[in-house]
Amino acid sequence: YLLTAARLAAEADSISVVGVTGGAVPATLVGTDVHTDLAVLRVDVRTEGAPLRRRSALVNDMAVTAMTGSMHSGGALQATVTATDLGERTPDGVDIFGLARIDAPPQPEMTGAAVLDGSGRLVGVVSALEFEGSWSGDRSLMVLPATIAANVADSVIDTGAPRHAWLGVTIAQRPPADAASCLGGPVVTAVHPGSPAEGAQVRPGFRVTGIGGQGTPTVETVMAEMRALKPGDATTVRLCSAGTTITREIVVIESPVEG
């Protein structure tokens, strides 16, 4: 199986994969996910690909290589990660969370390119979608981290469709009411009936300050951490209410609605 950008696959009448030796082999589209701009392809012959680095996050100042072809053909662009946990919105209103930014200009030929770490392992997939630019405000190249891509790919391969983790809260970015209250994290504005959050006694007005040991100061960081989970995973959710930290162990479930 190979990973690429959903837009690249969706616009194709047929798909071929070119290996490092230059030979092309036909590929079949297994499935796509518009919420991560990811497509999973299947090829029926052995190909030379980069191993997936599932557990390593893209971090600021990390050196990476974005591939547009093989190393031998010169299709490699050296870059550095400049930001992580970003959210972007496409012109048709689809929100994509958990993106990283690298210091390279977006180019059409980079769509779906593999992003490798210093050991040659796949750490991300380039998303060259057109975004509204209302969040990041930067038109540098955006990358979907492998930690998210792996979960989406697993569900597409297993079921033919993406499955995303769901906590069951609606959140919004709001300033603290006073200095004594919780200073970080988006506010829970609603808890969905029957959701994992309701079962864990999460209440409207709580702030979500961390998921899985990672701080979540913004809506985008909450969504990025959720994208790195898959249905059935247990995670620690750190909350804050009236200046008091609350910790809940919650098992996330499959999202009943995507949006």
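For reference, positions follow the sequence shown, starting with 1. A quick note: this is a predicted structure, and the numbers were derived from the prediction, not measured.
Closest heavy-atom contact between A5 and V126: CB-O, 4.0 Å. In plain terms, the two heavy atoms of V251 and G232 that are nearest each other are CG1-O, 3.6 Å. A100 and P145 make their closest contact through N-CD, 4.5 Å (heavy atoms, listed as atom of the first residue, atom of the second, distance). Of all the heavy atoms in P186 and T216, the pair that sits closest is CD-O, 3.3 Å. The two residues V64 and V81 come nearest to each other via the heavy atoms CG1-CG2, 4.1 Å. The two residues F97 and G87 come nearest to each other via the heavy atoms CD2-CA, 4.1 Å.
Remark: side-chain polar atoms of T159 are paired, donor with acceptor, to backbone N or O of A161 under 3.5 angstrom. Using a distance-only test at 3.5 Å, with no hydrogens or angles considered, no donor-acceptor pair links the side chain of R163 to the main chain of D154.
Remark: the H192 side chain and the T170 side chain contain an N/O donor-acceptor pair separated by less than 3.5 Å.
Atom CD of E88 sits about 11.5 Å away from atom CG of D37, to the nearest 0.5 Å. Between the CD atom in E198 and the CD1 atom in I250 there is a gap of 11.5 Å [rounded to 0.5 Å]. Residue I148 holds its CD1 atom at 9.5 Å from NE2 of H164, rounded to the nearest 0.5 Å. Taken from OG1 in T221 to CG in L86, the straight-line distance is 10.5 Å, to the nearest 0.5 Å. One finds the CG atom of D103 at 8.5 Å from the CG atom of L77 (value rounded to the nearest 0.5 Å). Expressed to the nearest 0.5 Å, how far CZ of R101 lies from CG of N60 amounts to 9.5 Å.
Put simply, the side chain of V152 does not reach to within 4.5 Å of the side chain of H35, judged on heavy atoms. Here the side chains of E225 and T235 are not in contact, with every heavy-atom distance at 4.5 Å or above. Looking at heavy atoms from C-beta onward, L167 lies out of side-chain contact with S195 at the 4.5 angstrom threshold. Within the 4.5 Å cutoff, no side-chain heavy atoms of P162 are placed close to those of T36. Between L144 and S127, the closest side-chain pair of non-hydrogen atoms is not below 4.5 Å. Under the 4.5 Å side-chain criterion, counting only non-hydrogen atoms from C-beta, T218 is in contact with Q173. Between L29 and L41 the shortest side-chain heavy-atom distance falls below 4.5 Å. Side-chain atoms of L122 and L116, non-hydrogen and from C-beta on, do get closer than 4.5 Å to each other.
The hydrophobic clustering, which links ILVMFWY residues whose side-chain heavy atoms are closer than 4.5 Å, places V208 and M223 together. Tracing side-chain contacts under 4.5 Å through hydrophobic residues (I, L, V, M, F, W, Y), one never reaches V219 starting from V187; they form parts of separate clusters.
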Query raised in the report: Passes side-chain contact (heavy atoms from CB on, under 4.5 Å), M62 versus V123? Steps please.
Result: CA-CA 11 Å; M62 180 179 179; V123 291; 4.2 Å; yes
Please set out all donor-acceptor pairs under 3.5 angstrom arising from side-chain atoms of residues 237-247, sequence neighbours excluded.
unit_1, atom_1, unit_2, atom_2, d
R238, NE, T209, OG1, 3.3
R238, NH2, T209, O, 2.9

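Residue pairs meeting the disulfide bond (SG atoms under 2.5 Å apart) criterion with at least one member in residues 77-108: none, sequence neighbours excluded.
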